[in-house]
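For ligands, and for the atoms within them, numbers begin at 1 and follow the listed sequence.
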Amino acid sequence: LLTMVLIGTGGSEGIPVHGCNCPVCTEARLYKFLKRSTSSMLITNYGTTITIDMSLETSSFVEDLYVDAVLVTHWHHDHIAGLYKFRWGGNPIDLFAPKGNADEEIIRYPGSMRVHFVKPLETIHVGDFTITPFKLNHTVETMGYYIKLGHNSIAIIYDTKGLPSETEEFLKKNHVRIAFIDATYGPGTVSEKHNNIDEAVEIGMSIKAEKIVLIHISHNNLPYSKLVKYVNRRWNNVLVSHDGMVINLV
Ligand SMILES: [Zn+2]
Ligand SMILES: [Zn+2]
Ligand SMILES: [Zn+2]
């Protein structure tokens, strides 16, 4: 059994944003289950446990759990803030990350973290998992991760605008059962740094992912109720994430 827990599914400001009265934030203040903390997730087969990024909320979530490795996608604060606390734990933990814009404080004082810099398409092994980093299009050097365990395969595609061609090629050649894809913005919003929802789904389709889960959803997207309608009317293999969502692959 492979279990994925979406601990945080928001953009860098989370939802609701303090002082913001937009429809997304207003809805999330009323319906508290729609709150989104900053992005990271946990993947476990109940033998090997890894996290993708380490938000503040994640560092508390995994406190008593043995984490074998943290895979950092990039060094933006919303994805690594929890490392400041997490590094002082008692167990040695492998930290895999791109070198670009690496956080000076974490590199100088890694505590129990053993830092390894990854390169695109150079496969690494963590316990039972085979993991291949791939390049994404963001403001700083950013990696996605292709994770394989037996016949199951996951693509983690946080913080990107589209895919670099070598990444698209790589993912097309490899079977993807489930892809978690940056869908920061709502339909029609165009940014250089992040996908909108349609661009996110397009990526998932182009790599022939069996299932697509939209993540990194900001308050610049549709309110949850409208977002779910928008997605369900168009696609039947696309899910809108929410904090605490659990997905199992057997
Ligand atoms: Zn982010
Ligand atoms: Zn808002
Ligand atoms: Zn970012």
Report the angle formed at the Zn ion (ligand 3) by atom ND1 of His76 and atom NE2 of His138, rounding to the nearest 10°.
-> 90°

When you draw lines from the Zn ion (ligand 1) to OD2 of Asp159 and to OD2 of Asp78, what angle lies between them, to the nearest 10°?
-> 150°

In terms of side-chain heavy atoms, does Thr3 have a donor or acceptor partner in Asn248 at a distance below 3.5 Å?
-> yes

To the nearest 0.5 Å, atom CG of Asp159 lies from atom CD1 of Ile181 at 13.0 Å

Among Phe134, Phe129, Phe180, Phe170, ring pair (Phe, Tyr, Trp, His ring centres under 6.0 Å) partner for Tyr146 | Phe170

When the ring planes of His216 and His194 are compared, do they come out parallel, tilted or perpendicular, using 30° and 60° as the limits?
-> parallel

Atom pair CD1 (Ile178) and CE (Met4), whose distance is rounded to the nearest 0.5 Å | 5.0 Å

Examine all N, O or S atoms of His79, backbone included, and report whether one is under 2.8 Å from the Zn ion (ligand 3).
-> no

Checking only N/O/S atoms, does His194 have one that is under 2.8 Å from the Zn ion (ligand 3)?
-> no

Kindly report the ND1-the Zn ion (ligand 2)-SG angle for His219 and Cys22 respectively, rounded to 10°.
-> 110°

